[in-house]
Structures are given as structure tokens and as C-alpha cells.
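Worksheet for the structure shown next.
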Number of protein chains: 2
Amino acid sequence: MRLSTKGQYGLRAMFELAINYGEGPLSLKTIADRQYISEHYLEQLIATMRKAGLVSSTRGAQGGYVLSRSPEEITVGQVIRVLEGPLAPVECVIDDEESVCDRSGYCPTRIVWKKIRDSINQVVDSITLQDMVDDYRKMHPDESYMFYI
Amino acid sequence: MRLSTKGQYGLRAMFELAINYGEGPLSLKTIADRQYISEHYLEQLIATMRKAGLVSSTRGAQGGYVLSRSPEEITVGQVIRVLEGPLAPVECVIDDEESVCDRSGYCPTRIVWKKIRDSINQVVDSITLQDMVDDYRKMHPDESYMFYI
DNA sequence: TTTAATGCCTACTAATATACTCGGAATTAC
DNA sequence: GTAATTCCGAGTATATTAGTAGGCATTAAA
């Protein structure tokens with residue numbers, strides 16, 4: 001049960017925007033270079049995030065991307081769900097409707113899938129981009145961000 | 001981030017064996033029919049579980065499969081990991097070695113993946129097949145299992 | 001001792017998703 | 001005007017998934 005690279009790359013890109021929040025737009029190329037992601041591929045991912053309202057763009061020279069909200073207002077869960085869809089281990093627990101299958105009301109495995117789903121979402125919804133930045137800075141108090149790469 | 005049908009079908013099959021535990025072997029066909037799974041496909045999954053020591057088989061007429069241990073000694077986590085591999089949202093947190101990538105020691109996203117991994121495993125390792133049987137019986141105290149199908 | 005019921009094994013396959021690549025049009029700072 | 005950038009649609013190689021197919025091996029029961 002793996003996340004695709006969409007979620008992985010997307011969160012790395014968002015971290016990059018978060019740690020540079022308030023310092024003007026970052027170009028796609030800058031983000032891709034610093035996070036070792038294919039530029040063209042990241043372009044598609046960031047387009048998805050732009051359409052979902054997580055990032056804003058400025059076109060033209062010196063343009064780039066910034067977070068649409070401050071890092072403490074964006075959770076890991078929001079980012080991953082935009083890129084990967086609902087975080088559910090099986091389709092029948094994407095939402096709580098009992099109508100997804102004729103056994104859903106008394107399916108013993110479905111209870112298990114719901115518990116997994118809820119625990120994943122609880123984790124990702126409780127971590128903000130700001131938390132990630134704080135964690136990073138706590139681990140590297142003496143280094144400037146330039147040395148991150 | 002979905003489980004494949006291997007994990008889903010496998011757990012359904014194991015539930016079937018658990019609720020019939022102590023009553024002799026169940027044939028592949030019986031399990032497949034009751035759980036609406038392709039017989040040939042289930043055969044491959046149950047072969048994996050047999051090799052992993054979760055079920056035992058009896059060949060020949062009147063043969064079939066039984067759990068190798070009692071339902072309270074088999075967790076959902078054991079079943080899913082045998083069929084799906086390690087439950088980790090990304091490869092770099094399958095184990096805790098820092099050597100998987102050159103940034104692993106200070107990668108801010110890796111911390112997130114570890115938290116997701118741990119929360120999933122905590123859930124699945126705390127649920128046994130007996131728990132699933134108990135849940136099922138609690139929901140259907142007045143019905144014999146014959147009506148489950 | 002035959003036969004039917006069963007498990008065991010290897011190989012094949014259609015459909016889908018993934019993780020990109022490619023080329024070019026539109027926009028804007030300098 | 002030009003270079004730097006975002007925006008957009010299309011194409012593609014590879015891997016995975018979710019099976020299917022066919023036959024051999026084993027054993028209980030008639």
C-alpha cells in the first residue's frame with residue numbers, strides 16, 4: 001500500500017514553498033532542482049495543486065509559485081488528498097455510505113478498513129507544513145537553508 | 001493509496017476460515033463462493049498464505065484449508081503484510097535504516113511517512129481474526145452463519 | 001481399484017496506472 | 001524585443017493488477 005510519487009513529490013514541493021514562505025515566488029525549476037524532481041512532471045503536480053487552491057502562480061519572467069495560505073493553515077492531508085485522492089485503504093470506505101455494496105452493513109472486513117482509514121487521516125490532518133518547517137529547523141539550528149540540498 | 005484486492009480478498013478468506021475454525025477444512029471453492037472471489041485467483045493468494053504459515057492444507061477429496069493457529073493468534077497485520085508486503089506509505093520507510101537515501105537523516109517528509117506507517121501498523125497489529133469474528137457475531141446474534149452469504 | 005474431489009503449479013494476458021517526456025503557446029519583467 | 005517563466009495537451013515505456021487456462025498430484029469414498 002504505497003503512495004505514488006505524486007504525493008511524495010507534491011509534499012516535498014510544498015515543503016520547499018513553506019520554508020521559503022514570505023520571500024516571493026519560487027520558479028518550478030528552482031523547486032524541481034532543490035527537490036530532485038523532474039521539472040515537467042512536477043509541473044503537472046503543481047498544476048493540480050494550483051487548481052485546488054493550495055498554491056498561487058505568477059506568470060512570466062521572475063514568476064513562480066507561492067503558497068496560497070500560510071504554512072500553518074495547510075495540512076499534509078490537504079496536499080496528499082489533492083494529489084492522490086481520498087486516503088482510504090479500499091474503495092468501499094471512501095465515504096461512510098452503506099450502499100457501496102450489499103454486504104457493507106455487516107461486513108467484518110469493512111470495519112477494519114475504516115479503522116485504517118481513520119488512523120491515516122488523523123495523522124495527516126494533524127500535521128501542517130509549518131510543523132514540517134519547525135521540525136526541520138529544530139534538526140538544523142546552525143545551518144542556513146542553503147545547505148539543505 | 002489503496003490496498004490491492006490481494007489484501008482485501010485474503011482477509012475475507014481468513015475471516016471465513018476463522019468463523020469456521022475447529023470444524024474441519026474448508027475447500028477453496030467453498031471459501032471462494034461464500035466470499036465472492038474468483039476461485040483460481042484466491043488459489044494464488046492462499047498459496048502465499050500457506051507458504052507463510054498462516055494456513056495449512058489437506059490435499060485430496062474432502063481436503064481444504066484450516067488456520068494454522070487459532071484466530072486470536074493471527075492479526076490482520078500478519079495477513080495483509082504476507083499478501084501486500086510491508087505496510088509503508090513510501091519505500092524509504094519500509095525499515096528504519098537511514099541509508100536508503102542520502103537525505104534520509106534530515107528529510108522532513110520522511111518524518112511524516114514514518115508517522116503514517118506507524119499508525120497503520122498499530123491499527124492492523126491490534127486486531128485479530130477473533131476480534132473480527134466477535135464483531136460479526138455481536139452484530140448478528142440471532143442469525144446462524146448460514147445466512148451470512 | 002476406480003473415480004471424483006480436491007490441492008498444487010506454471011504460464012499467459014487484457015486492462016490500467018505510473019512516471020514520466022515532448023513540443024509549443026501565452027505571459028511578463030527587464 | 002528577448003529571455004524567463006507558466007500553461008496546456010499529447011504521447012509513451014514500463015510495471016502492476018486481477019485475473020484466466022490447463023494440467024499434474026493426492027486422497028477419500030464408492
Side-chain angles (χ1 to χ4, degrees), chain A residues 1-13 16-17 20 24-68 80 83-86 89-92, chain B residues 1-13 16-17 20 24-68 80 83-86 89-92:
Chain A
M1 189 169 62
R2 300 282 138 76
L3 240 34
S4 74
T5 57
K6 289 178 191 170
Q8 301 178 49
Y9 294 173
L11 187 59
R12 299 221 311 254
E16 194 64 41
L17 291 174
N20 289 284
L26 284 186
S27 75
L28 192 61
K29 181 162 174 31
T30 302
I31 302 171
D33 285 352
R34 290 196 192 161
Q35 292 290 336
Y36 305 96
I37 303 169
S38 146
E39 191 178 338
H40 264 301
Y41 189 43
L42 180 59
E43 185 184 338
Q44 296 172 33
L45 309 184
I46 216 161
T48 302
M49 297 197 281
R50 180 177 50 80
K51 285 165 193 161
L54 292 176
V55 301
S56 309
S57 60
T58 314
R59 301 187 67 170
Q62 321 310 318
Y65 298 92
V66 294
L67 296 182
S68 292
I80 297 180
L83 293 167
E84 302 263 349
V90 307
E91 282 200 15
C92 76
Chain B
M1 189 170 59
R2 300 282 139 77
L3 239 33
S4 75
T5 56
K6 290 178 192 172
Q8 300 179 50
Y9 294 173
L11 189 59
R12 298 220 310 256
E16 195 64 40
L17 290 174
N20 288 285
L26 284 187
S27 75
L28 191 62
K29 179 161 174 32
T30 302
I31 302 171
D33 284 352
R34 289 198 193 158
Q35 291 292 337
Y36 306 95
I37 304 169
S38 147
E39 192 179 337
H40 265 302
Y41 189 42
L42 180 58
E43 186 184 337
Q44 296 172 35
L45 310 185
I46 216 162
T48 303
M49 295 197 283
R50 180 176 50 80
K51 286 165 193 161
L54 291 176
V55 301
S56 310
S57 60
T58 312
R59 301 186 70 170
Q62 321 310 319
Y65 299 91
V66 294
L67 296 183
S68 293
I80 298 180
L83 292 167
E84 301 263 350
V90 308
E91 282 200 15
C92 77

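Per chain, numbering begins at 1; letters A, B, ... match sequence-line order.
- Here the side chain of Y9(B) is nearest to one of dA19(C), dG19(D), dC8(C), namely dG19(D).
- In E39(B), the CD atom is crowded: over 12 heavy atoms of neighbouring residues, nucleotides or ligands sit closer than 6.0 Å.
- The side chain of H40(A) approaches dT21(C) more closely than any other nucleotide in the set dA26(C), dT21(C), dT20(D).
- Contact record, Q62(A) with P25(A): O-CG, 3.8 Å, taken as the closest heavy-atom pair.
- Distance K51(B) NZ to dG7(C) C1': 12 Å, rounded to the nearest Å.
- With hydrogens and angles disregarded, a donor-acceptor distance shorter than 3.5 Å links the side chain of R12(A) to the backbone of Q35(A).
- Here the nucleotide nearest the side chain of E43(A), chosen from dC8(C), dC8(D), dA29(D), is dC8(D).
- Protein atom OH of Y41(A) is 18 Å distant from nucleotide atom C1' of dC7(D), rounded to whole Å.
- Taking atom CG on L45(A) and atom C1' on dC8(D), their separation rounds to 15 Å, with Å as the unit.
- Rounded to whole Å, atom P of dT20(D) lies 12 Å from atom CG of L42(B).
- Side-chain nitrogen and oxygen atoms of T5(A) include at least one within less than 4.0 Å of the OP1 or OP2 phosphate oxygen of dA19(C).
- Mapping L3(A) and A61(A) onto DNA chain C via the closest heavy atom, the residue that lands nearer the 5' end is L3(A).
- Contact between the side-chain N/O atoms of T58(A) and the OP1/OP2 oxygens of dT5(D) is not found at any separation under 4.0 Å.
- Using a 4.0 Å cut-off, no side-chain N or O of S4(A) falls inside it from OP1 or OP2 of dA17(C).
- One atom, CZ of R59(B), and another, P of dG7(C), lie 10 Å apart when rounded to the nearest Å.
- Listed nucleotides: dC7(D), dC8(C), dT18(C). Nearest to the side chain of Y65(A): dC7(D).
- In this structure, CD of Q62(B) is placed 9 Å from P of dA5(C), rounded to the nearest angstrom.
- Remark on DNA chain D: of its neighbouring residues Q44(A) and G60(A), the 5'-side contact belongs to G60(A), judged by nearest-heavy-atom nucleotide.
- Taking side-chain N and O atoms only, R2(B) has no distance below 4.0 Å to OP1 or OP2 of dT17(D).
- Rounding to whole angstrom units, CD of residue E91(B) and P of dT18(C) are separated by 15 Å.
- For S27(A), the side-chain atoms get nearest to dT6(D) when compared with the rest of dT6(D), dC8(C), dC7(D).
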